[in-house]
Amino acid sequence: MSFLKKLKNFFAPKWDPLVCRPADIIDLFKQDIATDAPLEDLTVEIDGNPHHVGISSDYDHRKGFFDTYFFLDDQCFRTLEGFAAKASVDGALFSEMETVTVLRENLYSGDPRNSVLLSQREIK
């Protein structure tokens, strides 16, 4: 490994994975909507594979957030209820899974433990 790569790895942030229930992530989405901040991009590990789950919205300074949708990998849902009822991984409903490992929260907040809701509900 080159010196520059070693140096880069040394200064790269180290995230400690966080284990929680998918229901906790859905509650986080509810909190984001309630506080008018419908943006979330989580990388979660399910059965050893990474998946992207979150909320995305367009924003206009006059209209605020609009065209909000919820996603799990390439699946998109216009409502949180639709997401909870239909989002799945390999045929298993995401909302009914026992636990997932949050590997990384969105790039702006970094460590998954920065989410107070998720860190308080972590399953150890």
Side-chain angles (χ1 to χ4, degrees):
M1 184 182 300
S2 74
F3 175 73
L4 288 177
K5 190 165 186 163
K6 285 181 186 179
L7 190 61
K8 182 180 176 183
N9 287 342
F10 179 76
F11 287 106
K14 307 288 188 260
W15 315 131
D16 234 355
L18 183 147
V19 178
C20 65
R21 299 172 309 134
D24 298 326
I25 292 173
I26 291 170
D27 286 346
L28 177 66
F29 292 172
K30 289 177 186 174
Q31 176 182 296
D32 292 342
I33 292 166
T35 59
D36 197 30
L39 297 171
E40 201 69 60
D41 184 8
L42 304 169
T43 301
V44 298
E45 182 179 79
I46 301 170
D47 295 329
N49 297 310
H51 298 274
H52 287 89
V53 60
I55 309 171
S56 185
S57 293
D58 288 328
Y59 180 79
D60 179 80
H61 72 281
R62 285 174 272 140
K63 293 198 281 188
F65 289 100
F66 64 98
D67 286 340
T68 300
Y69 66 92
F70 304 85
F71 64 89
L72 174 60
D73 293 331
D74 60 351
Q75 304 164 62
C76 294
F77 305 91
R78 285 289 173 192
T79 65
L80 185 55
E81 294 77 19
F83 174 86
K86 295 181 182 176
S88 63
V89 174
D90 297 329
L93 271 174
F94 178 75
S95 61
E96 293 181 357
M97 293 178 177
E98 217 163 291
T99 61
V100 296
T101 302
V102 181
L103 301 175
R104 177 185 58 81
E105 196 166 353
N106 69 47
L107 296 174
Y108 304 109
S109 46
D111 191 330
R113 282 167 177 68
N114 287 348
S115 167
V116 175
L117 187 142
L118 293 182
S119 65
Q120 288 176 341
R121 297 185 182 183
E122 181 176 18
I123 298 169
K124 297 182 183 200

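The hydrophobic clustering, which links ILVMFWY residues whose side-chain heavy atoms are closer than 4.5 Å, places Ile26 and Val19 apart. In this structure, Ile25 is not a member of the same hydrophobic cluster as Ile123, with clusters built from ILVMFWY side-chain heavy atoms closer than 4.5 Å.
Between Leu18 atom CG and Thr101 atom OG1 the span is 8.5 Å, to the nearest 0.5 Å. The distance from atom CG of Asp41 to atom OG of Ser56, rounded to the nearest 0.5 Å, is 8.5 Å. To the nearest 0.5 angstrom, Arg78 atom CZ is 5.0 Å from Asp67 atom CG. Summarising the geometry, atom CZ belonging to Phe29 is positioned 5.5 Å from atom CG belonging to Leu42; distances are rounded to the nearest 0.5 Å.
By the ring-ring contact (aromatic ring centres under 6.0 Å, His included) test, Tyr69 pairs with no residue at all, sequence neighbours left out. Residues passing the salt bridge (charged side-chain N to carboxylate O under 4.0 Å, His left out) test with Glu122, sequence neighbours excluded: Arg113. Partners of Phe71 by ring-ring contact (aromatic ring centres under 6.0 Å, His included), not counting sequence neighbours: none found. Scored by the ring-ring contact (aromatic ring centres under 6.0 Å, His included) test, Phe94 finds Phe83 as partners (sequence neighbours excluded).
Sorted by first and then second residue, the salt bridge (charged side-chain N to carboxylate O under 4.0 Å, His left out) pairs involving residues 23-35 (not counting sequence neighbours) are Arg21-Asp24, Asp24-Arg121, Asp27-Lys30, Asp27-Arg121.
More than 12 heavy atoms of other residues, nucleotides or ligands lie within 6.0 Å of CG in Asn49, so this atom counts as buried by the packing criterion. Within 6.0 Å of CG on Asp60 lie more than 12 heavy atoms contributed by other residues, nucleotides or ligands.
Through ILVMFWY side-chain contacts below 4.5 Å, Phe66 is grouped with nothing and stands alone.
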